[in-house]
Student: 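Take this structure first; my questions come after.
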Amino acid sequence: MRIATFALAALAAAATLPAFAQVNININVPGLVQVAPPPPRYEVMPGPRPGQVWVPGRWVWNERDYVWQGGRWERDRPDYVYAPGRWVQAGGGWRWVDDQWKPGKPPKHGKHDRGHDHDDDGYHCPPGQAKKGRC
């Protein structure tokens, strides 16, 4: 009887103690990568090809790690400007914004402005190519 009373008292005492529990929820948002991409690799852009646009290489997330996908040629689209894809910070992680073709014509560079396009439409002339008249 004495053991039963002691057990009942211990149970009642334990029930009054605050419960300390840690809940960890990991929400996997599709398309959102928690790890920042490495810096782009240097690629030598091949010589120009008529009717083609050079698409620079990029880091691709394969659900475990980043893998480098080398640059490639893509067919030019008349009256459109190619805007390369890019990794952007979003929602506490990194998200890939796909490359796209935007209506318009490539800007004519009178003076080389270090490849920066100040109206932020995503167009980027690769380093050194504007001076060669390729952008």
Student: Looking at Q34, is its backbone amide N or carbonyl O close enough to the side chain of W94 to form a donor-acceptor pair, meaning the two atoms are under 3.5 Å apart?
Tutor: no
Student: How many angstroms lie between atom CD of Q100 and atom OH of Y82, to the nearest 0.5 angstrom?
Tutor: 9.5 Å
Student: Run the side chain to side chain donor-acceptor pair (under 3.5 Å) test against R77 and tell me which residues pass, sequence neighbours left out.
Tutor: none
Student: Would you check if V97 and R95 make a side-chain contact, meaning some heavy-atom pair closer than 4.5 Å?
Tutor: no
Student: Under 3.5 Å, is there a donor on one side chain and an acceptor on the other for W101 and E74?
Tutor: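 Present: a donor and an acceptor within the cut-off.
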Student: Restricting to side chain to side chain contact (heavy atoms under 4.5 Å, CB included), what partner residues turn up for W96, sequence neighbours left out?
Tutor: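 With sequence neighbours excluded, W96 shows a side chain to side chain contact (heavy atoms under 4.5 Å, CB included) to R58, W87, D98, given in chain and number order.
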Student: Quick check for you: to the nearest 0.5 Å, what is the distance between Q69 atom CD and N62 atom CG?
Tutor: 11.5 Å
Student: How far does CG of D65 sit from CH2 of W59, to the nearest 0.5 angstrom?
Tutor: 8.0 Å
Student: Honestly curious: do V60 and V33 fall in one hydrophobic cluster under the side-chain, below-4.5 Å linking rule?
Tutor: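 No, V60 does not connect to V33 through the hydrophobic network.
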Student: Distance check, rounded to the nearest 0.5 Å: R49 atom CZ versus W73 atom CH2?
Tutor: 6.0 Å
Student: Has E43 got a side-chain atom pairing as donor or acceptor with G70's backbone, closer than 3.5 angstrom?
Tutor: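 Not confirmed, E43 side chain does not pair with G70 backbone.
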